[in-house]
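First the structure, in the form of structure tokens, and then the observations on it.
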Amino acid sequence: MARAAIDIPPDYREGVRLARDREKNRLARFVLDEMLENWDIATAERRPMCADTGLPRYYVKLGNEAVVEGGLVALERALRRATAEATASIPLRPNRVHNVGYHAPEVTYSVEPGGDWIELTTVHKGGLFGTDWRMLFPGDGIPGIKRFFVDTLIESGKRGLACQPALVGLGIGGSKDTCMRLGKEAACLRTVGSRNPDPAAAALEEELTALGNHIGIGAMGFAGTSMVVATHVELAHTHTGGMPVAMHQFCLSSRRSTARLFPTGTVEVRTDPGWFTDYYRRQGIE
């Protein structure tokens, strides 16, 4: 929890440095410089890099052979206890008034074949703005997705509903709740520079990032070309009659931290959550 609140992941840092180097607008470039300096100060002084520490949540990946003493109830109690302690010690802002309460913090699970480990990823992400969804029709096609993407970026940029530059996650397909989940996971759990293994989805990721950075809005709403650090697209099979699409912006406070816990008691801190594995994206029965 402390690493998530304080230390910006290296992949996002590098993405923002590259955006700063490309940015021509003086004010937007100044904002990006100040962001990078703020992160260095937060790490050096062990203080949260943003006063708004979002809504704490956990993503738990279980190796299929993992055994938890006390079961998953014990695990969830530990996560809730950690959230309560972190709220006071880091500190985390109690955006929910009570950071531990009804469905708070959220815990999302996935399973991975083999392995006797548990992998915990903490994410601190806002829960209100920078997110939207739309039920498109198959006939809207890729142009409809692009239009929704650009419309949402402009709306959030003009009204200050997301702190850019952002990592944008796009969930396409499934039901409404599925595309919303995939969009959030794509924004929060994929690293900058990663590509969807589907060639068409990977090409769409690159095209959407380029579109987002040619709208004319840069960092924190100033004019510029640094609105999107990366776009991550995730897919789900859906009903033939519709095409649900959800979009999430993980703001400049792109805060996550991952640790893999082994039965021996060893803890391995990891820079890549590795959430979207081949098994997670599987299409067949196996």
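Given the structure is predicted, the values throughout are model-derived calculations rather than measurements. These numbers come from the heavy atoms of this one structure, side chains and all, not from hydrogens, waters or symmetry mates.
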* From Gln164 CD over to Met227 CE, what is the distance, rounded to the nearest 0.5 angstrom? -> 4.0 Å
* Where do Glu234 and Tyr280 land on the side chain to side chain donor-acceptor pair (under 3.5 Å) test, with the steps shown first? -> CA-CA 11 Å; Glu234 291 297 329; Tyr280 193 68; over 6 Å; no
* Met1 and Glu85, any side-chain heavy atoms less than 4.5 Å apart -> no
* Determine, stepwise, if the pair Arg20 / Met35 fulfils side chain to side chain contact (heavy atoms under 4.5 Å, CB included). => CA-CA 10 Å; Arg20 186 271 313 275; Met35 284 171 53; over 6 Å; no
* Asked: Does atom CG of Asp278 have more than 12 heavy-atom neighbours from other groups under 6.0 Å away?
  -> no
* Between Glu23 (side chain) and Arg29 (backbone), is there a donor-acceptor pair under 3.5 Å? -> no
* Hey, mind stepping through Phe30 and Asn25 against side chain to side chain contact (heavy atoms under 4.5 Å, CB included) and telling me if it holds? -> CA-CA 9 Å; Phe30 169 78; Asn25 181 277; over 6 Å; no
* Asked: With a cut-off of 6.0 Å (strictly less than), are more than 12 heavy atoms of other residues, nucleotides or ligands near CZ of Arg3?
  -> no
* Apply the side-chain contact (heavy atoms from CB on, under 4.5 Å) test between Lys125 and each candidate in Gln249, Lys184, Arg255; give the one that qualifies. => Lys184
* **Student check: side-chain heavy atoms of Val107 and Leu79 closer than 4.5 Å** => yes
* Does a donor on one side chain sit under 3.5 Å from an acceptor on the other, for Thr209 and Thr231? -> yes
* **pair Ser253-Met49: side-chain heavy atoms closer than 4.5 Å** => yes
* Would you name the heavy atoms of Ile6 and Ala42 that are closest together and state the gap between them? => CG2-O, 3.4 Å
* Decide yes or no on side chain to side chain contact (heavy atoms under 4.5 Å, CB included) for Leu189 and His232, but give the supporting numbers first. => CA-CA 10 Å; Leu189 300 177; His232 299 150; over 6 Å; no
* To do: Report, as yes or no, whether the 6.0 Å neighbourhood of atom CZ on Arg47 holds more than 12 heavy atoms from other residues, nucleotides or ligands.
  => no
* List the atom of Val229, the atom of Gly15, and the distance in Å for their closest heavy-atom pair. => CG1-CA, 3.8 Å
* Asked: Closest approach of Gly174 and Thr238, non-hydrogen atoms and distance?
  -> O-OG1, 2.7 Å
* Asked: What distance separates Thr225 OG1 from Arg22 CZ, expressed to the nearest 0.5 Å?
  -> 7.5 Å
* Min side-chain heavy-atom separation Pro263-Val67 under 4.5 Å -> no
* Does a side chain donor of either Tyr279 or Ser110 reach within less than 3.5 Å of an acceptor in the other side chain? -> no
* **Under-4.0 Å salt bridge between Asp40 and Arg13** => yes
* Quick one: sort the Trp275 and Tyr59 rings into parallel, tilted or perpendicular, breaks at 30° and 60°. => perpendicular
* CZ/Arg26: more than 12 non-hydrogen atoms of other groups inside 6.0 Å -> no
* Starting at CZ of Phe276, measure out to CD of Glu185 and round the result to the nearest 0.5 Å. => 5.0 Å
* Should Val150 and Val245 be regarded as members of a common hydrophobic cluster, given that ILVMFWY residues are connected when their side-chain heavy atoms come within less than 4.5 Å of each other, either directly or indirectly? -> yes
* Asked: For Leu252 and Val16, what are the C-alpha separation, side-chain angles and deciding distance, and is it a side chain to side chain contact (heavy atoms under 4.5 Å, CB included)?
  -> CA-CA 9 Å; Leu252 61 88; Val16 170; over 6 Å; no
* Asked: Side chains of Arg80 and Arg77: closer than 4.5 Å at any heavy-atom pair?
  -> no
* **Pairwise distance CG(Asn196) to CG(Leu204) - rounded to 0.5 angstrom** => 9.5 Å
* Asked: Would you say the side-chain atoms of Asp116 pair up with the backbone N or O of Glu65, donor to acceptor, closer than 3.5 Å?
  -> no
* Report yes if the side chains of Pro105 and Thr122 come closer than 4.5 Å at any heavy-atom pair, otherwise no. => no
* **Atom of Ile90, atom of Pro48 and distance for their closest heavy-atom approach** => CG2-CG, 3.7 Å
* Other residues, nucleotides, ligands: >12 heavy atoms within 6.0 Å of Arg159 CZ -> no
* Asked: Should Val111 and Leu72 be counted in the same cluster of Ile, Leu, Val, Met, Phe, Trp and Tyr side chains packed under 4.5 Å apart?
  -> no
* Asked: How many angstroms lie between atom SG of Cys188 and atom CZ of Arg256, to the nearest 0.5 angstrom?
  -> 9.0 Å
* **Side-chain heavy-atom pair His248, Leu182 within 4.5 angstrom cut-off** => no
* Asked: Hey, does the side chain of Ser226 reach the backbone of Ala219 with a donor-acceptor pair shorter than 3.5 angstrom?
  -> yes
* Which heavy atom in Ala210 sits nearest to a heavy atom in His214, and how many Å separate them? -> O-ND1, 2.7 Å
* hydrophobic_cluster_shared for Val100 and Leu92, side chain cutoff 4.5 Å -> no
* 4.5 Å side-chain heavy-atom contact, Thr271 and Thr191 -> no
* Value rounded to 0.5 Å, distance of CG in Leu36 from CD in Glu14 -> 9.5 Å
* Does Arg46 come within less than 4.0 Å of Asp7, counting only side-chain N to carboxylate O? -> yes
* Mind checking whether Phe250 and Leu208 sit in one hydrophobic cluster, side chains of I, L, V, M, F, W, Y counted as touching below 4.5 Å? -> no
Show me the donor-acceptor pairs, under 3.5 Å and distance only, between side chains in residues 134-144 and residues at least two apart or in other chains.
{"unit_1": "Asp140", "atom_1": "OD2", "unit_2": "Phe137", "atom_2": "N", "d": "2.7"}

* Indicate if Leu32 and Val228 have the same hydrophobic cluster label, given that clusters are the connected sets of ILVMFWY residues with side-chain heavy-atom separations under 4.5 angstrom. => no
* Structure fact -> For Thr131 and Met180, the nearest pair of non-hydrogen atoms, with its separation, is CG2-CE, 3.8 Å
